[in-house]
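This report refers to the structure that appears directly beneath it.
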Amino acid sequence: MGLFRSNHSTRGGFRRASFGTLLFIFGLVTSVFVGVPSLHQSLTKNQTPVTLTCIELLRGGVPEETSMVVLRDAEIHPPAKLDLNAAGLSDSPIGEKVQAVLAYPRASKLVDKLVRGDVLPRGMVKRPGPQPLRLSPGRETAEAATAETSETGALVAHVSEDPTAKYICAIADQLSLPVPEGLRQAAKIPAFSLKPASTIASQQNALMWCIGGGLSLALGLVLCGSVRLGWWSILSPISALIGLPGVPLRSGRGDRMTWLLSIMIGAAGIAGGYHLAFEMGHLGEAGGIWAWQAAGVVSASFGTAALLGTMLSMREKRQTVSLDHDALSDMVPSVASKKTSKKQKTQSENTESTDPEPRPAALQSMITSSDYTRRYLDPRLNVSPNMETASDVQKQTDSLERLQFDSPLIIEIARGEDTIEATVQVGCRNLVLAMTDCLDDHMRLRMVSILDDGHVVISGNGEDERLTETINGEAASLRTFVTTKAPKLVTKHLEVAAEIAERRHTKMVLLEPNEWRDVIHYSERCMADALHCAQCEKWEIVDSHYGRFAYPPQPVSAPAMA
């Protein structure tokens, strides 16, 4: 049925939210940890390098005029393997587990990406513990730096401060976690990261990483923000939190003021991203600050997501208006046309509903003359364990899904010892509940709508023996149209429901997909009442409540108009 079964499908929403979360995480990691450093290094690659010694770099720090340096006495100490003993982490249980995982043969590629070479003045003996001058991660980076120093005797590299040890100690202090003494001593010494100029990516590739990661982050926000909250938010709370900013624009909500505010927020996010990255983070300049640069990219991504979300909300709003016009305005004649064509439409309705065979005269006479009545009992409803339906039923449910109905739910309806399977779908902007089943090779279709005064409108295709006559009761209005296509029955049903709602000065209630039990029970009870009043059946019907629906019909709580 596709990745996303329907706009209101819970399973489709869970898939969309999960995919959006993956895009969000991928975009965040890619743009912040790959795109931003690569772009900053590529923009400063053409700066005039300053010739320094390793000791001068440690004492003076990063030069103010450039980020490119030539270390004339650099000697590369390539990494042998990832050793946690140097930082004292192997003494802890966590460190031992990490060491065991990274020692696994299949993790060799990951280890090669994580290890870092050390840079020391020529002739100086390497001491245990973290070194203040280190190459950027990657065994290939260390090999390129070693080859360059072997040929030229110097290393041309992009230099930046490396606050990793300081960040780890600061976070550990905030969380009251123990920190190895070696790592704490390393945090007190200024540390620098060196990226050989020969390994710096081109501006085009770095820009692609940065923009691609930012767009992936923005698309993840849009996907998570466009999904209706449901049970999936319990299984994936991170996705629900990511999508919270999109609630005001979700499902075509909002008006012009909401869209204007969202556009202003999006523009402010993009402008704030430029300020954070270039003005405060000094992107492409000497002494750039990675944290501000990363914050700028994230801010610009959130701004882009706000603009995309606004465009999609406006588009869905237009589609909603168009759908309402096509499904309601075009299907239901105007008040003026009703007066002129009322007689013609009545004749057409009578033509549609007189095809079913009338109730046998003997049976009707027995029902009318008998005083025996049965107490009405609700059918038993359960979700069916079957995952597939008959091919004829599948065709009808597929046609309803194309009309933006929910994906079908297969249920069991039991009356006495008889049990049948049926499908339930809610659609037409949540105004109609559609039921489909096949009994004795007869395809039975039923459409149910409820007005805000509790009145029920039920339409069938004439195959249900209880729904073969036109009945106007206080609790329900029953209509029959001879058709084998669910979309056509939806059209006829909406036309009749809108006409009855206008005549009763009421509105149609929005039905939630999870209310299918209440709607079926309530509509069946009201239909039994209508059949009893029309002397087609005899029932003793007592008062009952089903969620926000109550029999005898009462105003439905929280009514809404699509």
Side-chain angles (χ1 to χ4, degrees), residues 33-34 37-38 40-41 44-45 49-63 67-91 95 98-99 102-103 107-169 179-201 290:
F33 296 100
V34 180
S38 300
H40 178 66
Q41 294 165 3
T44 58
K45 182 179 180 180
V50 176
T51 303
L52 299 172
T53 63
C54 295
I55 300 300
E56 291 174 346
L57 176 60
L58 290 175
R59 290 177 178 176
V62 180
S67 295
M68 301 300 296
V69 298
V70 179
L71 297 179
R72 60 176 182 267
D73 64 340
E75 183 178 358
I76 307 301
H77 291 257
K81 63 178 181 178
L82 188 63
D83 187 9
L84 299 181
N85 292 324
L89 297 178
S90 62
D91 297 336
V98 173
Q99 183 74 41
L102 295 179
S108 59
K109 293 184 179 180
L110 176 62
V111 173
D112 290 340
K113 296 293 184 180
L114 296 177
V115 294
R116 302 179 66 178
D118 297 321
V119 180
L120 280 77
R122 190 176 293 113
M124 180 177 289
V125 180
K126 181 180 179 181
R127 297 180 179 180
Q131 304 300 317
L133 296 180
R134 308 194 71 184
L135 296 172
S136 56
R139 193 177 298 277
E140 295 180 355
T141 303
E143 293 174 354
T146 302
E148 182 178 348
T149 55
S150 300
E151 294 178 2
T152 64
L155 177 64
V156 181
H158 176 279
V159 61
S160 59
E161 292 188 12
D162 187 3
T164 304
K166 295 181 181 179
Y167 286 160
I168 293 176
C169 292
V179 179
E181 187 61 28
L183 185 61
R184 191 174 292 277
Q185 292 295 332
K188 298 178 181 179
I189 304 173
F192 300 92
S193 178
L194 301 172
K195 178 76 172 180
S198 58
T199 61
I200 295 178
W290 169 81

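Residue numbers run from 1 in the order of the sequence given.
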message: Test of understanding: with salt bridge (charged side-chain N to carboxylate O under 4.0 Å, His left out), list the residues that count as partners of D162, not counting sequence neighbours.
response: R116
R72: salt bridge (charged side-chain N to carboxylate O under 4.0 Å, His left out) partners, not counting sequence neighbours: none
Give, for atom [atom1] of [X] and atom [atom2] of [Y], the distance between the pair rounded to the nearest 0.5 Å.
X	Y	atom1	atom2	answer
H40	K45	NE2	NZ	14.5 Å
L155	T152	CG	OG1	7.5 Å
E143	L135	CD	CG	11.5 Å
E148	T199	CD	OG1	9.0 Å

Contact check, side chains of [X] and [Y], non-hydrogen atoms, under 4.5 Å:
X	Y	result
C54	V119	yes
L58	P190	no
P63	L52	yes

- prompt: Considering residues at least two apart in sequence or located in another chain, which fulfil the side-chain contact (heavy atoms from CB on, under 4.5 Å) criterion with V70?
  reply: P49, T51, A154, V156
- prompt: Taking only residues two or more places apart in sequence, or in another chain, which ones meet V62 in a side-chain contact (heavy atoms from CB on, under 4.5 Å)?
  reply: V159, E161, F192
message: Which residues pass the side chain to side chain donor-acceptor pair (under 3.5 Å) test with T44, not counting sequence neighbours?
response: H158
Those residues that, when tested against D118, pass side chain to side chain donor-acceptor pair (under 3.5 Å) (two or more places apart): K126, R134
Tell me whether [X] contacts the main-chain N or O of [Y] through its side chain, where contact means a donor paired with an acceptor under 3.5 Å.
X	Y	value
E75	G123	yes
Q41	S38	no
R139	P78	no

message: Give me the atom names and distance for the closest heavy-atom approach of K113 to P137.
response: O-CB, 3.3 Å
statement: Nearest heavy-atom approach of S136 to P196 is OG-CD, 4.5 Å
- request: Please name the residue in the list T141, L120, L194, T149 that meets the side-chain contact (heavy atoms from CB on, under 4.5 Å) test with I76.
  value: T149
